[in-house]
Amino acid sequence: MQALEDKILQEGKVLSDTVLKVDSFLNHQIDPDLMREIGEEFAKRFAHERITKILTIESSGIAPAVMAGLIMGVPVVFARKSKSLTLKNHVYAAQVYSYTKQTANEIAVSKDFLHDDDVVLLIDDFLANGQALLGLIEIVKQAGAEFVGAGIVIEKGFQKGGDKIRQQGIRIESLANIMSMKEGKVTFQREEQLN
Ligand code: 5GP
């Protein structure tokens, strides 16, 4: 998605060969116009699916997920990372390992908001090693819901999550796919290189 790639080039900060900071439009301050375009693009790419619910993870997945939900006319549920859920036993839960923080966290979704008749689209801000996405997929499985695929705002294609999950036959749509961030320079993988 051209507007997103332009924004990454203009405002993204490469912190290392593997970490991109996008605090000015996605992870801290949020650009609503760009989020709307992102929501529209996800809605377009998954237009042929009978989606009933979008599932994401707090906090940075919420903005793009809500925009997609608004345009697709479906509710958005976010998995919580904290254990503040009042109904502790009434949840689907999965472990998510963070390579960057080197810690495992439990994520949880109340059973009130995900059911076996739901058709679920997952949305998240980044795809790196795939742990967050795998945790969300596990929650969809526990709910017995149908899973149509994942919409990712920024995939770091040089990390292995995307390949690993696509090899399981899962559909992943990334709006920007970064091939390399060597020497502070972001290079995108072009669509034609992906096919
Ligand atoms: P994964 O589980 O795929 O390894 O990582 C995905 C999660 O880690 C995302 O939800 C995102 O919050 C975070 N993440 C991974 N890589 C980056 C990065 O380069 N920049 C930022 N800002 N977050 C990242």
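Quantities reported herein were computed from a predicted structural model and do not represent experimental measurements. Both counts, for ligands and for their atoms, begin at 1 and track the order of listing.
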Heavy-atom pairs closer than 4.0 Å: do any link ligand 1 to the side chain of Asn27, the backbone, both, or neither?
side chain

Could you tell me whether the side chain of Asp31 and the main chain of Asp33 form a donor-acceptor pair under 3.5 Å?
yes

Do the charged groups of Lys182 and Asp17 touch, with an N to O distance under 4.0 Å?
no

Backbone of Asn177 reached by a side-chain donor or acceptor of Ser174 within 3.5 Å
no

Glu146 side chain to Asp117 main-chain N or O, any donor-acceptor pair under 3.5 Å?
no

With a 4.5 Å heavy-atom cut-off, do Val120 and Val148 have their side chains touching?
no

If we only count N/O pairs under 3.5 Å, is Leu127 in contact with ligand 1?
no

Any nitrogen or oxygen of Tyr97, side chain or backbone, less than 3.5 Å from one on ligand 1?
no

Atoms of ligand 1 close to Thr18 [distance to a heavy atom under 4.0 angstrom, numbered from 1]:
19 (O)

Just wondering, do Phe158 and Thr18 contact through their side chains at under 4.5 Å, heavy atoms?
yes

For Asp125, the ligand 1 atoms with a heavy-atom partner under 4.0 Å come out as 9 (C), 10 (O), 11 (C), 12 (O)

for atom 13 (C) of ligand 1, nearest protein heavy atom and its distance come out as Phe126 CB, 4.3 Å

Close N or O approach (Ala132, ligand 1; < 3.5 Å):
yes

Is the contact between Asp124 and ligand 1 made by the side chain, the backbone, both, or neither, using heavy atoms and a 4.0 Å cut-off?
side chain

protein heavy-atom neighbour closest to atom 20 (N) of ligand 1 works out as Leu20 O, 2.6 Å

Side-chain contact, heavy-atom cut-off 4.5 Å: Ile62 with Ile57?
no

Salt bridge check: are Arg166 and Glu155 linked by an N-O gap of less than 4.0 Å?
yes

Of Lys13, Gln159, Lys156, Glu58, which has the heavy atom at the shortest distance from atom 18 (C) of ligand 1?
Lys156

Do other residues, nucleotides or ligands put more than 12 heavy atoms under 6.0 Å from His115 NE2?
yes

Identity of the nearest option to atom 1 (P) of ligand 1, non-hydrogen atoms only, from Ser59, Gly161, Gly130
Gly130

For Gln131, the ligand 1 atoms with a heavy-atom partner under 4.0 Å come out as 1 (P), 2 (O), 3 (O)

Does Ile57 reach ligand 1 with a nitrogen or oxygen that is under 3.5 Å from one of the ligand's nitrogen or oxygen atoms?
no

Could you check atom 5 (O) of ligand 1 against the protein and tell me its nearest heavy-atom contact, residue, atom and distance included?
Ala128 CB, 3.8 Å

Does Ile154 have a heavy atom less than 4.0 Å from any atom of ligand 1?
no

Any non-hydrogen protein atom less than 4.0 Å away from atom 22 (N) of ligand 1
yes

For Phe147, does the six-membered ring have the charged nitrogen or CZ of Arg171 within the cation-pi criterion, i.e. under 6.0 angstrom from the centroid and within 45° of the normal?
no

Please tell me if the side chains of Leu55 and Ile139 come closer than 4.5 Å, counting only heavy atoms from C-beta onward.
yes

For atom 4 (O) of ligand 1, the protein heavy atom that lies nearest, with its residue and separation
Asn129 N, 2.8 Å

